Each structure stands twice: as structure tokens, then as C-alpha cells.
Amino acid sequence: MSIEIKDLYHTYQVGTPYETHALQKINLDIAEGEFIGLIGHTGSGKSTLVQHLNGLLKPSQGQITIDGVDISQKGIKLKEIRKKVGLVFQYPEHQLFEETVLKDVSFGPQNLGLSVSEIDKRVRNALEVVNLDYLEIKDQSPFNISGGQKRRVAIAGVLAMEPKYLVLDEPTAGLDPRGRDEILAQIKELHRRLKITIILVSHSMDDVAKMADRLIVMHDGEVELNGTPREVFQKSEILKAIGLGVPTVSALLYSLKAKGFEVRTDLLNMEEAKEEIIKVLRMRRGKNA
Amino acid sequence: MLKDITIGQYIPGESLIHRLDPRTKILVVIIYMTALFIINNAIGYYFILLFSLNIILLSRVPVKYYLKGLKPLLIIIILTVSLHIFMTPGTIIAEIGPLAVTKEGLKQGVFMGTRLILLVTVTSVLTLTTTPMTLTDGIERLLNPFKRIGVPAHELAMMMTIALRFIPTLIEETDKIMKAQMARGADFESGNIVQRAKALIPLLVPLFLGAFRRADELAMAMEARCYRGGENRTRMKQLMYTSLDTGAMFITIIFLMFAIYTRLAA
Ligand SMILES: Nc1ncnc2c1ncn2[C@@H]1O[C@H](COP(=O)(O)OP(=O)(O)O)[C@@H](O)[C@H]1O
Ligand SMILES: [Mg+2]
């Protein structure tokens with residue numbers, strides 16, 4: 001089962017002077033269990049694209065199929081789709097509204113019409129996944145906890161619906177480095193443990209490069225690159241041209257290469273890079289001796 | 001649905017009307033409205049129609065924007081026209097069931113309909129060709145002479161500017177929160193009136209909190225940049241009368257005199 005996007009176009013404010021072609025000829029397949037990094041700088045169409053995946057936006061043209069169901073046809077049960085595809089918006093803490101954390105996280109499952117015991121079970125699970133202590137936090141007001149906690153409560157609100165596909169739109173925006181690393185680690189864990197398909201939207205290469213199986217790079221409403229992180233970072237000229245650059249480790253390897261060191265440039269983590277640099281330095285010394 | 005809100009919508013352009021000073025445009029609209037209520041016979045309406053069509057053409061704004069502005073008022077216009085047609089006593093020219101159409105009523109109905117449509121359309125010319133900022137600037141300057149009798153011209157204009165500035169932001173915010181709650185399975189479109197009202201809580205609470213947060217931030221940012229009301233405040237874009245404005249005022253005043261004349265002559 002999978003998500004298929006065929007020839008998708010989206011135009012905002014059609015027929016006004018402010019008409020924006022936010023998406024153009026998008027063709028993508030996302031298989032179950034994948035961890036996708038969706039990257040592009042601000043205004044490249046990432047948020048517009050992900051809002052199509054659960055029917056919040058309708059395509060101007062084209063087709064989206066989720067597990068074999070075309071979701072743009074008339075009379076489709078959107079609630080079913082939204083149960084399947086969970087979408088965490090950017091700054092999700094701005095959508096908290098209930099008196100207590102418990103009530104807020106229950107909002108989604110309640111809308112799905114689940115039983116009280118099932119809701120309770122899901123809320124406990126969701127809060128545990130985002131590393132919050134259920135007993136300690138459940139009766140607190142979602143407006144009185146710290147910024148990082150608010151973000152995690154809001155994410156738990158979507159997790160509690162137990163979606164099969166989870167889309168997170170810039171979940172780390174505005175967090176400090178520690179909060180960011182925590183959230184990213186929890187997302188990684190979610191994917192590893194529950195095998196949920198993850199689509200992680202970001203404008204930061206460093207965030208997604210290490211985690212994603214596949215990167216989709218967007219630019220001006222179109223898919224510019226689509227492949228494994230290694231494949232994508234090979235195209236460093238294209239990435240630079242669209243203002244994204246490569247992760248810090250790749251950048252280091254590229255500049256070493258430019259200075260005449262014969263290092264591989266397709267490595268992503270610090271350890272591999274270290275080994276590679278030591279290897280090349282040893283070889284040099286061997287040659288000179 | 002939220003996209004249909006056109007308050008303060010500005011259509012960029014370089015037409016003669018776009019280039020007029022906002023003060024001129026506001027005054028012209030006021031004079032125009034006065035004339036519209038003075039005129040009471042066919043010759044007068046004929047000329048005001050001609051005058052209005054000219055303004056609309058000169059603005060070079062596609063006609064569909066004017067039609068869009070009229071749409072929400074369609075019911076009021078139809079109601080007013082029908083009331084006049086059926087309720088005015090006089091010579092009966094047709095009968096539909098218990099309702100009688102009189103000659104005087106028909107005339108009054110057509111006049112009132114035209115009046116309402118022209119009123120809305122010419123006001124739209126003003127808002128469609130003037131940015132909200134320029135418009136409030138113009139209002140502030142026009143109110144300036146009344147400061148002496150205690151009219152807080154600057155504060156009124158600043159409040160209007162901020163309100164106008166935040167309309168699109170609030171619409172955008174509403175749209176975003178609605179979508180986010182819909183992603184959590186919220187349903188804003190079905191159910192009875194109680195259910196629907198309850199469904200609005202997840203939208204309204206975050207919306208108000210957001211608005212207060214923004215207001216707080218804005219106040220802080222304005223203070224940090226030393227805003228302290230209108231006194232001694234200079235402006236980046238000075239408003240300036242040109243010969244274009246003199247021309248427009250001249251034509252409008254002639255038009256007003258003509259309107260008064262058609263009424264007196266009749
Ligand atoms: N609600 C909207 N109305 C009009 N234009 C929009 C709206 N949302 C986004 N856009 C425009 O669509 C383009 C893509 O935006 P978006 O999908 O938000 O990009 P990203 O999430 O990559 O920053 C931008 O040019 C943006 O200005
Ligand atoms: Mg975005």
C-alpha cells in the first residue's frame with residue numbers, strides 16, 4: 001500500500017492578480033514504511049504539498065491516491081483519510097485549546113468516535129512516545145507548560161489518532177538545539193518501533209539527512225531532486241543553486257576534495273567521515289615517504 | 001469561503017484613478033453620494049450613470065471585481081426595489097395576485113435600485129484603487145482640522161491601519177487553525193446549531209489567544225521603535241496634490257452643481 005501523487009498542480013487565488021502556482025507537475029510515490037525527508041526553502045511548496053495528502057487542499061489538477069483510494073473524487077469520506085494520514089502543522093502548539101493536556105490530546109481520537117477506554121489507551125501511548133509523563137502532565141493546562149512541552153503535547157494530539165502515515169511540517173521550527181534533537185530522536189524512534197511511514201518536512205539539510213531513507217527536494221513548486229541522501233548530495237551544485245547547500249559533513253568533504261584531497265564525498269555521518277579523512281591522510285603520507 | 005472576503009482588497013494599477021491623491025478620492029466619493037441623494041428625476045439619473053461609468057472605465061479594474069462587491073448586497077437591493085414597486089400608491093399599471101404595481105412605484109423602484117448599486121460600486125472604486133494604508137492616511141489628513149475640537153484623528157487612523165493590516169493575517173490564521181483541527185478530525189460543516197457552535201471552540205480559543213499574542217508583540221515592537229502617538233510624527237510618503245487632483249475636483253463640483261440644477265429645474 002502506498003501514497004501516489006500523479007501530475008499534481010495547485011494554484012492559489014486563481015483569477016486574481018495574486019495568483020500563485022504553488023505546485024507544478026508533481027509526481028511522487030511513497031511506499032509504506034519509508035522515512036521521507038521533504039526539503040526546500042521557504043515558499044517552495046512543501047506545506048501546500050502535504051496539505052493535499054489528507055484532503056485539506058484539493059488539487060487544481062492531478063490525482064492523489066492513498067492505499068488505492070483516489071481522495072480527490074467527490075463523496076470520499078475525508079475523516080477516513082485523516083485517520084490514516086496524520087498531519088502535524090507547523091507550530092502545532094498554536095492549535096492547543098483545551099483546559100487540560102489530557103482533554104487536548106483526546107480531541108482527535110474523540111472525533112474518530114472511539115470508546116473511552118480506547119481513547120485513554122491511545123492518549124497514554126501518545127504521551128509516552130513524545131516522552132511526557134502521563135500522570136504528571138495530564139491535568140496541567142496546555143498553556144502553562146514550557147514551549148518544548150507544548151510542541152510535544154500537540155504532536156501527541158495527532159499521534160493519538162494512530163495514523164498509518166505521519167506527516168510533520170517543520171516540527172523543529174523555533175526550538176532550541178536540545179528541543180530539536182529530542183523531537184527528531186522521538187520521530188526516529190517512532191519510525192523504528194511502530195514502522196509508521198514518516199514524511200518529515202524541513203528546510204534544514206542537517207536535520208533530515210541523517211534520518212531519512214529518501215530525500216525529496218522541492219524548488220519553486222516542483223520536485224527538483226528525489227533519491228537517497230547520498231544520491232542527492234552528489235548533486236551539490238544543484239543544491240547550492242537553489243540555496244539549500246549540503247549537510248555540514250558533506251560540506252567538509254567537498255571542500256577537502258576541492259583542495260586536492262581524494263576523499264569520498266558521499267558520506268553522511270561524522271564517524272564515516274573521520275575514518276575516510278584518516279585513510280586519505282595515511283595514503284598521502286605513504287606516497288610522500 | 002474565507003477567500004471570498006474582499007474588504008480592503010486592493011487591485012494594483014497605474015490608472016488615472018489609482019494616481020489620484022486619497023484625499024481627493026474620499027472627497028469625490030462624499031460629493032458623489034450627496035449628488036446621488038439630491039437627484040430625483042430621469043435626466044439626473046442618466047447623467048450620474050454616465051459619470052459613474054466613466055469613473056469605472058477609468059479605474060481599469062476588471063468589471064468582475066465590482067460585480068463581486070455587489071453580490072453580498074443583492075438581497076438587500078432586490079428587497080428595497082420590490083418594496084418600492086409594490087408599496088407606492090398611485091396609478092395601477094399591473095396586478096400580480098394581491099400585489100399592485102403602480103407607475104410611481106416602478107419609477108421609484110428603478111431609481112432606488114440604481115442609487116444603491118451606484119453607491120456600492122463607486123465606493124468600491126475608492127477601495128479597489130487605493131491601498132488601505134494610503135486610504136487611512138487620507139482620512140487622517142482630512143480629519144486633521146477637527147483635532148482642535150477633540151477628534152483623535154491620528155489615533156483613529158492608526159487603529160484603522162492596524163485593523164486593516166491584520167484582517168488578512170487573521171483570515172490566514174483562521175484558515176490554518178481550521179485545517180489543523182480538521183486534520184484532527186474536527187467537523188465544522190455538519191450537525192445541528194448547538195453542535196456547530198460547540199465545534200467552533202477549538203477554532204476560537206486558539207484564534208483569540210493568537211490575536212492577543214500578536215497585539216502584545218505589536219505594542220512592544222512599536223514602543224521599541226519609540227512610537228508615542230501622532231505628535232511631531234513625520235511620514236515617509238507625503239501626500240501631494242497634483243493638477244490631476246485639481247482637475248478631478250473641478251469636474252466633480254461641476255457635476256454636483258448640475259445635479260442640483262436638474263432637481264431645481266424639474
Ligand atoms: N493560503 C495561501 N494563499 C495564497 N498563497 C499561498 C497560500 N499558502 C501558500 N501560498 C503561496 O504558495 C507558495 C508555496 O507556499 P508553501 O507551500 O507554504 O511553501 P513552504 O511550506 O515550502 O514554505 C508560496 O509562494 C506562498 O506564498
Ligand atoms: Mg511551510
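Keep in mind it's a predicted model, so treat the numbers as computed, not measured. Quick note on labels: first sequence line is chain A, next is B, and so on, each numbered from 1.
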Just verifying a value: how many Å separate [X] [atom1] and [Y] [atom2], rounded to the nearest 0.5 Å?
| X | Y | atom1 | atom2 | result |
| --- | --- | --- | --- | --- |
| A/Phe89 | B/Lys179 | CZ | NZ | 6.0 Å |
| A/Arg82 | B/Asp187 | CZ | CG | 9.0 Å |
| A/Leu56 | B/Met178 | CG | CE | 11.0 Å |

Mark yes when over 12 heavy atoms from residues, nucleotides or ligands other than [X] sit less than 6.0 Å from its [atom1]; otherwise mark no.
| X | atom1 | value |
| --- | --- | --- |
| B/Leu50 | CG | yes |
| B/Arg19 | CZ | yes |
| A/Glu99 | CD | no |
| B/Met159 | CE | no |
| A/Glu19 | CD | yes |
| B/Glu14 | CD | no |
| A/Lys79 | NZ | yes |
| B/Phe208 | CZ | no |

Would you name the heavy atoms of [X] and [Y] that are closest together and state the gap between them?
| X | Y | value |
| --- | --- | --- |
| A/Leu96 | B/Pro206 | O-CG, 3.7 Å |
| A/Tyr18 | B/Tyr10 | OH-O, 2.8 Å |
| B/Ala183 | A/Leu87 | CB-O, 4.0 Å |
| B/Val205 | A/Phe143 | CG1-CZ, 4.4 Å |

Item checked: Any donor-acceptor pair under 3.5 Å from B/Gln181 side chain to A/Gln95 backbone ->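 Side chain of B/Gln181 to backbone of A/Gln95, a donor-acceptor pair under 3.5 Å: yes, one is there.
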Checklist line | Audit row: A/His94, B/Lys176, side-chain contact (heavy atoms from CB on, under 4.5 Å) steps and yes/no | finding: CA-CA 10 Å; A/His94 290 172; B/Lys176 219 171 69 191; 5.5 Å; no
Item checked: Region of A/Leu57 that comes under 4.5 Å of a non-hydrogen atom in chain B ->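 Answer is side chain: those atoms of A/Leu57 sit under 4.5 Å from chain B.
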Next item on the list: Counting only heavy atoms closer than 4.5 Å, note whether A/Gln51 contacts chain B via side chain, backbone, both or neither.
Entry: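 Contact with chain B involves the side chain of A/Gln51 alone.
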Item checked: Residues A/Asp104, B/Arg184: salt bridge by 4.0 Å N-O rule ->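 Yes, charged N to carboxylate O under 4.0 Å.
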Item checked: B/Leu209 versus chain A, the contacting section by heavy-atom distance below 4.5 Å ->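 It is the side chain, since no backbone atom gets that close.
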Margin query: At a heavy-atom distance under 4.5 Å, which candidate from B/Ala180, B/Gly210, B/Pro202 has the highest pair count against chain A?
Written below: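 Most heavy-atom pairs under 4.5 Å with chain A: B/Pro202.
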